[in-house]
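In what follows, a single structure is set out as structure tokens and then discussed.
Throughout, protein chains are lettered first and strands after them, A, B, ... in sequence-line order, and every chain is numbered starting at 1.
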There are 2 protein chains.
Amino acid sequence: MGSDDVATVRVELDRTSSIPLYHQLSTAIEKSIEGGALAPGQRLENEIALAERLRVSRPTARRALQELVDLGMLVRKRGVGTQVAPVRVRRRVDLSSLYDDLERSGRKPSTSVLEYSVAPGGSDITEALDLPGGSDVVTIRRLRQADGEPLALMTNYIALELAPSYEQLGEMGLYHALRDSGVEIHMAHQQIGARTATAAEARLLEDKPKAAVLTMERTAYDSTGRAIEHGRHIYRASRYSFSTTLFAP
Amino acid sequence: MGSDDVATVRVELDRTSSIPLYHQLSTAIEKSIEGGALAPGQRLENEIALAERLRVSRPTARRALQELVDLGMLVRKRGVGTQVAPVRVRRRVDLSSLYDDLERSGRKPSTSVLEYSVAPGGSDITEALDLPGGSDVVTIRRLRQADGEPLALMTNYIALELAPSYEQLGEMGLYHALRDSGVEIHMAHQQIGARTATAAEARLLEDKPKAAVLTMERTAYDSTGRAIEHGRHIYRASRYSFSTTLFAP
DNA sequence: GACAAGCGATTGTCCTAACAAATGCATCCA
DNA sequence: TGGATGCATTTGTTAGGACAATCGCTTGTC
């Protein structure tokens with residue numbers, strides 16, 4: 001008793017795996033937290049005990065814990081120990097596709113591809129994608145629905161050699177299709193605004209004429225800074241809003 | 001020549017300082033990048049050479065470099081080396097107040113305080129602020145202008161003991177006033193949507209009736225997870241949009 | 001009883017060392 | 001000439017150890 005309120009995380013480490021030990025450990029702890037096995041405020045065993053118990057070196061254990069501190073899932077204090085962070089200060093990563101968002105929230109996303117064409121891109125598009133002027137660009141226009149209800153009208157521009165096939169887009173989100181062909185999105189700039197819908201947009205979204213819509217313009221990059229995709233989307237404001245989490249320096 | 005295109009960073013390390021060596025090193029490199037001494041794409045000397053030259057261990061040098069990779073300032077590839085990242089993938093922190101944003105972009109912000117009142121908060125407000133039901137809450141309604149033009153209608157709710165004075169709010173942004181009284185905002189959740197303006201809102205914002213407006217609902221927390229402020233704002237969509245940068249896990 | 005000093009616990013910093021894996025380039029062979 | 005092979009370079013992973021700094025608690029003193 002007394003110090004029995006420290007938690008020992010149940011972990012199975014696979015030393016033959018190509019996944020680094022520290023990452024196996026950090027994801028295991030993360031799952032324990034997200035699965036509720038570790039409650040906010042719960043104290044963890046100290047890093048030396050953790051390392052010894054799992055037969056890893058202290059730097060490896062430290063690195064796993066540090067990864068979770070960076071994610072805001074753990075809080076550590078010198079002389080005190082390591083605790084599970086309160087839920088609301090946890091960093092939630094946000095560069096998720098609309099498709100994944102909908103699936104996660106238990107709704108059933110579907111997509112109609114309205115247009116899939118190849119043509120030399122306008123100067124605004126090639127500039128956003130950092131391509132030579134006049135380069136061929138694939139234009140994709142899709143209507144995204146959730147539970148059969150129109151939610152967003154999405155227009156994407158992608159360099160020809162990176163574009164997924166028409167067939168793939170009906171089944172999955174754009175980002176998922178890109179990942180399947182080995183393209184990893186790392187970062188995106190986006191701008192969110194609002195305006196009233198045009199008659200054509202309102203019709204497609206099955207909303208009132210001149211209804212307010214959210215507009216989102218996004219350019220996505222891989223980790224080397226190469227521009228992958230530029231999109232201009234509108235969302236039914238009556239059915240959708242953006243949630244973000246911001247952190248101070 | 002040939003490999004003369006690798007840069008050696010000029011660094012002075014102070015081993016008596018309480019600032020960790022890796023942090024001294026990373027900030028020195030960061031300054032070199034931001035100061036333009038290291039251009040995007042510039043290749044850095046490898047970590048072993050860097051460590052030897054500065055008489056630090058390789059882990060210390062690695063940690064400094066890793067810190068900058070996490071910030072998006074450097075890109076590393078196994079077998080290749082370390083390069084300065086393109087400007088556009090650098091992480092820019094985003095939890096800035098509208099007031100600061102406007103000032104930074106060279107516009108002249110001003111504020112009219114429309115309401116400053118103290119009353120028991122409704123249940124939605126006290127819940128958002130994590131206060132006991134019926135607690136006294138300060139309600140602040142302000143009209144934010146840029147170069148004399150209305151831009152946003154902001155409503156904020158703050159616990160009585162944290163609220164800045166009426167006078168402070170006319171001169172500076174809310175977050176600035178909070179910081180002056182020792183309250184540091186660390187994180188915020190926010191939700192961005194859109195709708196059409198009511199007649200009263202349109203009049204205050206000097207916009208057309210039923211114009212599209214951006215709505216933003218935000219709750220801000222300090223680093224311990226204590227809720228500081230809850231705000232419900234509307235922005236003239238014709239004059240303002242939100243820019244954000246998102247990062248993948 | 002209050003305040004300061006001391007001590008154990010815990011995380012933070014820094015070091016040396018070894019091997020693994022990916023990349024780009026040169027080389028060799030068909 | 002073209003493709004496969006191998007090698008040097010560079011970052012990634014893991015280990016083990018030493019000491020420093022900080023925190024909370026206990027103890028001791030006035």
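The shortest non-hydrogen separation linking A:Gly121 to A:Thr126 is O-CG2, 3.8 Å. The two residues A:Ala128 and A:Thr219 come nearest to each other via the heavy atoms O-CG2, 3.7 Å. Across B:Arg218 and B:Ala188, no two heavy atoms sit closer than the pair CG-CB, 3.9 Å.
In this structure, the side chains of A:Leu44 and A:Arg76 stay at 4.5 Å or more apart for every pair of heavy atoms.
Distances shorter than 4.0 Å separate none of the side-chain N or O atoms of A:Arg76 from OP1 or OP2 on C:dT10.
Remark: A:Arg58, A:Arg62 in residues 50-66 of chain A come within less than 4.0 Å of DNA chain C through at least one heavy atom. Non-hydrogen atoms lying under 4.0 Å from DNA chain C are contributed by nothing in residues 16-31 of chain A.
For the side chain to side chain contact (heavy atoms under 4.5 Å, CB included) with A:Ile33, the lone residue among A:Leu71, A:Leu74, A:Val9 that qualifies is A:Leu74.
Ring centers of B:Phe242 and A:Phe242: at least 6.0 Å apart, outside the cut-off.
Within the 3.5 Å criterion, the main-chain N or O of A:Thr139 finds no donor-acceptor partner in the side chain of A:Glu115.
A distance of 5.0 Å separates CZ in A:Arg142 from CG in A:Asn156, rounded to the nearest 0.5 Å.
Atom P of nucleotide C:dT11 and atom CD of A:Gln83 are separated by 11 Å, given to the nearest angstrom. Distance, A:Arg78 CZ to C:dT11 P: 11 Å, rounded to whole Å. The interatomic distance linking A:Arg15 (CZ) with C:dA20 (C1') rounds to 15 Å, in whole Å.
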- Task: Under the side chain to side chain contact (heavy atoms under 4.5 Å, CB included) rule, what do A:Arg144 and A:Tyr235 come out as? Steps first, then yes or no, please.
- Result: CA-CA 9 Å; A:Arg144 173 64 45 83; A:Tyr235 299 81; over 6 Å; no
Worked check of side-chain hydrogen bond (donor to acceptor under 3.5 Å, both in side chains) between A:Glu229 and A:Tyr175:
CA-CA 9 Å; A:Glu229 174 262 330; A:Tyr175 281 23; 2.9 Å; yes
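From the 5' end on, the contacts that DNA chain D makes with chain A at under 4.0 Å to a non-hydrogen atom open and close at D:dT13 to D:dG24.
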